[in-house]
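Note: hydrogens, waters and symmetry copies are ignored here, and every other heavy atom, side chains too, is used.
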Protein chains: 2
Amino acid sequence: MQMTHCVAANNPVFSSTKQELVEEKNFATLSKALSHPARIRILSILLKLDKLGGCLNSDLVSKLGLAQSTVSEHLRILKQAQFISAEPIPPKMCYRINKKNINAYLSLFSSILN
Amino acid sequence: MQMTHCVAANNPVFSSTKQELVEEKNFATLSKALSHPARIRILSILLKLDKLGGCLNSDLVSKLGLAQSTVSEHLRILKQAQFISAEPIPPKMCYRINKKNINAYLSLFSSILN
DNA sequence: TATACTAATCGTGTTTTAACGATTAATAGT
DNA sequence: ACTATTAATCGTTAAAACACGATTAGTATA
């Protein structure tokens with residue numbers, strides 16, 4: 001059964017609070033961090049590594065088929081979105097998935113679109 | 001308590017099945033469709049309208065502060081990702097949110113990152 | 001202090017996204 | 001058949017994302 005009722009532009013559903021707009025913009029920004037296959041691959045690996053305790057950029061390079069600088073940039077983007085964190089274990093870096101913020105993304109999604 | 005164990009590149013967590021890679025790429029593509037504030041705004045409005053039965057491009061224009069052609073392009077992207085569907089009710093179009101695929105995105109997310 | 005190793009940053013070229021106005025296509029109503 | 005209305009498409013410009021090689025910075029160890 002199709003509904004074909006059309007709603008006028010002055011309907012309250014079109015309006016939004018400042019807070020709603022902030023949340024939506026925030027969600028869009030986080031989604032952008034998730035919008036590249038290599039970054040999802042990285043997160044997927046880091047999730048599996050979570051119990052084992054981290055990961056190395058140089059190891060990722062050999063598995064992703066991307067240049068070191070490219071992988072570094074993807075890691076930067078994921079870190080900026082706080083989906084991962086980085087701890088220096090000289091001379092290497094130990095990247096970890098940030099499960100809390102992964103779940104926060106889900107919550108935000110539900111808050112906006114459920 | 002921090003774990004600092006480092007994992008070698010030949011660890012099985014670095015490998016992946018063809019199917020996993022396809023899922024990840026698919027998820028990244030869907031995330032890209034969600035990576036713009038205007039598109040989230042549109043989805044949010046369409047969700048609220050869901051019970052009322054749809055929405056009009058021209059009405060959206062007046063509320064989003066974007067040109068008609070720009071809104072049309074955002075709608076095209078959302079439709080391509082199957083987050084919305086379009087039914088012509090001449091001379092207007094009736095856009096609807098596709099809740100099923102919204103939920104499918106959540107499932108995909110959980111399947112990859114949980 | 002010098003060396004070796006890792007990851008971040010820089011500079012560059014290429015591709016993709018975003019936004020707009022203008023035009024076109026489609027259709028209902030006159 | 002003509003007009004009015006709506007949304008898609010086209011063409012253009014500007015901005016951002018992506019990828020790479022080369023360089024730099026930082027740190028532990030010799």
Need one value for B:Leu66: base, sugar-phosphate or nothing, where a base atom within 4.0 Å counts as base even if backbone is also close, heavy atoms only. sugar-phosphate

Should A:Ser72 be listed as having a side-chain N or O under 4.0 Å from OP1 or OP2 of C:dA8? yes

Results of side chain to side chain contact (heavy atoms under 4.5 Å, CB included) for B:Leu113 - residues two or more places apart only: A:Leu43, A:Ile102, B:Phe109

In whole angstrom, what separates A:Met93's CE from D:dG26's P? 13 Å

Check this for me: does any side-chain nitrogen of one of B:Asp50 and B:Lys99 sit under 4.0 Å from a carboxylate oxygen of the other? yes

Rounded to the nearest angstrom, tell me the gap between atom CG in B:Leu75 and atom P in D:dT6. 15 Å

Would you kindly give the CD1-to-C1' distance between A:Ile89 and C:dA7, to the nearest whole Å? 14 Å

Least distance between heavy atoms, A:Glu24 atom then A:Ile112 atom: CA-CD1, 3.9 Å

Indicate whether OP1 or OP2 belonging to D:dT6 is found under 4.0 Å from a side-chain N or O atom of B:Tyr95. no

Look at the side chain of A:His74 and decide which nucleotide, out of D:dA19, D:dC10, C:dC10, has an atom nearest to it. D:dA19

Calculate the interatomic distance between B:Asn57 atom CG and D:dT9 atom C1'; express it in whole Å. 13 Å

Out of D:dC18, C:dA18, C:dC10, minimum distance to the side chain of A:Ile77 belongs to D:dC18

D:dC20 phosphate, OP1 or OP2: any side-chain N/O from A:Thr70 under 4.0 angstrom? yes

Please check if the side chain of B:Ser110 supplies one atom and the backbone of B:Leu106 the other of a donor-acceptor pair under 3.5 Å. yes

With distance as the sole criterion, do the side chain of A:Glu73 and the base of D:dA19 form a donor-acceptor contact below 3.5 Å? no

B:Ile42 and B:Leu75: which non-hydrogen atoms are nearest, and at how many Å? CG2-CD2, 3.9 Å

Measure CG/A:Leu56 against C1'/C:dA8 and give the value in whole Å, please. 16 Å

Can you list, pair by pair, the side-chain donor-acceptor contacts under 3.5 Å of residues 26-34 of chain A, counting residues two or more places apart and other chains?
residue	atom	partner	partner atom	Å
A:Thr29	OG1	A:Lys25	O	3.0
A:Ser31	OG	A:Phe27	O	3.0
A:Ser31	OG	A:Tyr105	OH	2.8

Of the listed nucleotides (D:dC18, D:dC20, C:dA19), which one gets closest to any side-chain atom of B:His36? C:dA19

Would a hydrophobic clustering, with Ile, Leu, Val, Met, Phe, Trp and Tyr connected at side-chain separations under 4.5 Å, put A:Tyr95 with A:Ile77? no

Name the closest nucleotide to the A:Ser69 side chain, picking from D:dC20, D:dA7, C:dA8. D:dC20

Whole Å only: how far is the CD atom of B:Gln68 from the C1' atom of D:dT9? 10 Å

I'd like to know whether CD of A:Glu20 has more than 12 heavy-atom contacts from other residues, nucleotides or ligands below 6.0 angstrom. yes

Expressed as a whole number of angstroms, how long is the span from B:Gln80:CD to C:dT16:C1'? 13 Å

Whole angstroms only, please: what is the CZ-C1' distance between A:Arg39 and D:dA19? 12 Å

From the set D:dG21, D:dA7, C:dA7, return the single nucleotide nearest to any side-chain atom of B:Lys92. D:dA7

Mark up nucleotides 25-30 of chain C, 5' to 3', with B wherever a protein heavy atom is under 4.0 angstrom from a base atom, S wherever such an atom reaches only the sugar-phosphate, and - elsewhere. --SS--

